[in-house]
Amino acid sequence: QVQLVESGGGLVQAGGSLRLSCTASGRAFSGNAVGWFRQAPGKEREFVQAISGSGSSTISADSVKGRFTISRDNAKNTVYLQMDSLKPDDTAIYYCAARNEWSASRYEIRYGYWGQGTQVIVSS
């Protein structure tokens, strides 16, 4: 009973930055851990970063550690993904997902609610 909408995707040159937003509607989701996943053409969807319901803990894929930062503002029902030092390999559709648990997870099977995704294209 929560709907998620991603925004903030676009085209950026390598080395640039984007900030993605995932906004929930239908109900507050402060009790829900939220994860970001991405899927490039011809590749399996992969985990990016996730954050606990309170925002007190985060987990990250090694490929984006130090470049991406996940955060949340529960008063705004929004989770953010700040992406810096973008690389062409970051090109993908980015999805946010929520689960009915407080703790973050890197496994997409744990998430029951998904947004429609937002496209990120990083040019060389």
Side-chain angles (χ1 to χ4, degrees):
Q1 289 192 288
V2 59
Q3 296 80 46
L4 305 175
V5 179
E6 303 95 337
S7 63
L11 175 65
V12 65
Q13 291 188 356
S17 298
L18 286 172
R19 188 175 76 159
L20 307 184
S21 297
C22 174
T23 299
S25 62
R27 63 172 175 85
F29 74 154
S30 59
N32 300 87
V34 174
W36 285 96
F37 297 80
R38 67 187 183 186
Q39 187 168 28
K43 297 186 67 177
E44 187 175 285
R45 187 156 58 192
E46 65 176 352
F47 168 74
V48 179
Q49 287 193 333
I51 189 167
S52 64
S54 67
S56 62
S57 64
T58 63
I59 54 176
S60 180
D62 288 342
S63 60
V64 304
K65 193 173 298 182
R67 299 189 298 119
F68 292 9
T69 304
I70 190 169
S71 62
R72 68 191 299 161
D73 185 343
N74 285 339
K76 297 181 178 179
N77 251 18
T78 299
V79 171
Y80 304 99
L81 184 67
Q82 177 67 44
M83 305 186 295
D84 298 319
S85 301
L86 283 162
K87 305 174 181 179
D89 284 348
D90 296 320
T91 295
I93 299 175
Y94 283 71
Y95 300 89
C96 69
R99 64 190 296 242
N100 289 326
E101 301 289 345
W102 174 86
S103 60
S105 174
R106 65 176 62 245
Y107 304 113
E108 67 177 74
I109 195 171
R110 301 284 191 255
Y111 295 86
Y113 307 98
W114 292 81
Q116 293 299 305
T118 186
Q119 176 76 262
V120 172
I121 300 175
V122 184
S123 62
S124 300

Among the clusters formed by ILVMFWY side chains lying less than 4.5 Å apart, do Val48 and Tyr80 turn up in the same one?
no
side-chain contact (heavy atoms from CB on, under 4.5 Å) between Asn32 and Val2: does it pass, once the steps are laid out?
CA-CA 10 Å; Asn32 300 87; Val2 59; 5.5 Å; no
Strictly by modelled atom types, are Gln13 and Ser123 linked by a side-chain donor-acceptor pair under 3.5 Å?
no
Is Leu86 reachable from Ile70 through a run of hydrophobic residues whose side-chain heavy atoms are each under 4.5 Å from the next?
yes
Closest non-hydrogen atom pair, Gly53 against Asn74:
O-ND2, 3.0 Å
Would you say the side chains of Asn77 and Thr23 form a donor-acceptor pair under 3.5 Å?
no
Heavy atoms of Tyr111 and Val34 approach each other most closely as CE2-C, 4.1 Å
Ion pair Asp62/Lys65, N-O distance below 4.0 Å
yes
Keeping Arg106 on the side-chain end and Phe47 on the backbone end, is there a donor-acceptor pair under 3.5 Å?
no
What are the two closest heavy atoms between Asp84 and Ser17, and how far apart are they?
OD1-OG, 2.7 Å
Identify the two heavy atoms, one from Ala40 and one from Thr91, that lie closest to each other, and give their separation to 0.1 Å.
CB-O, 3.6 Å
Between Arg110 and Glu101, does any side-chain N to carboxylate O distance fall below 4.0 Å?
no
Could you tell me whether a side-chain N or O of Ser52 sits under 3.5 Å from a main-chain N or O of Trp102, the two making a donor and an acceptor?
no
Flag yes if more than 12 heavy atoms outside Gln116 fall under 6.0 Å of its CD atom; otherwise flag no.
no
Looking at OG of Ser85 and CZ of Arg67, how far apart are the two atoms once the value is rounded to the nearest 0.5 Å?
7.0 Å
Validation row, ring centre Phe29 to ring centre Tyr113 under 6.0 Å
no
Check whether Glu108 reaches the backbone of Phe37 with its side chain - one donor and one acceptor, N or O, closer than 3.5 Å.
no
Supply the atom-to-atom distance Ser25 OG to Leu4 CG, rounded to the nearest 0.5 angstrom.
7.5 Å
For the backbone of Lys76 and the side chain of Thr78, can you confirm whether one donor and one acceptor N or O come within less than 3.5 Å of each other?
yes
Heavy-atom closest pair, residues Ser105 and Ala50
O-CB, 3.6 Å
NZ (Lys43) and CG (Asp89) are apart, to the nearest 0.5 Å, by 6.5 Å
Report yes or no: is the cationic atom of Arg99 (NZ for Lys, CZ for Arg) under 6.0 Å from the centre of the six-membered ring of Tyr107, at an angle within 45° of the ring normal?
no
For the pair Gln49 and Leu81, evaluate side-chain contact (heavy atoms from CB on, under 4.5 Å) and give the outcome as yes or no after the intermediate values.
CA-CA 8 Å; Gln49 287 193 333; Leu81 184 67; 3.4 Å; yes
Given 3.5 Å as the limit, does a donor-acceptor pair link the side chain of Gln82 with the main chain of Thr69, or not?
no
Go through it in stages, so that I can follow the logic: the residues are Arg38 and Glu46, the test is side-chain contact (heavy atoms from CB on, under 4.5 Å), and I'd like the CA-CA distance, side-chain angles, deciding distance and then a yes or no.
CA-CA 5 Å; Arg38 67 187 183 186; Glu46 65 176 352; 2.7 Å; yes
State plainly whether one hydrophobic cluster holds both Leu20 and Tyr95, where clusters connect Ile, Leu, Val, Met, Phe, Trp and Tyr through side-chain heavy atoms under 4.5 angstrom apart.
no
Side chain to side chain, Val12 and Met83, heavy atoms closer than 4.5 Å:
no
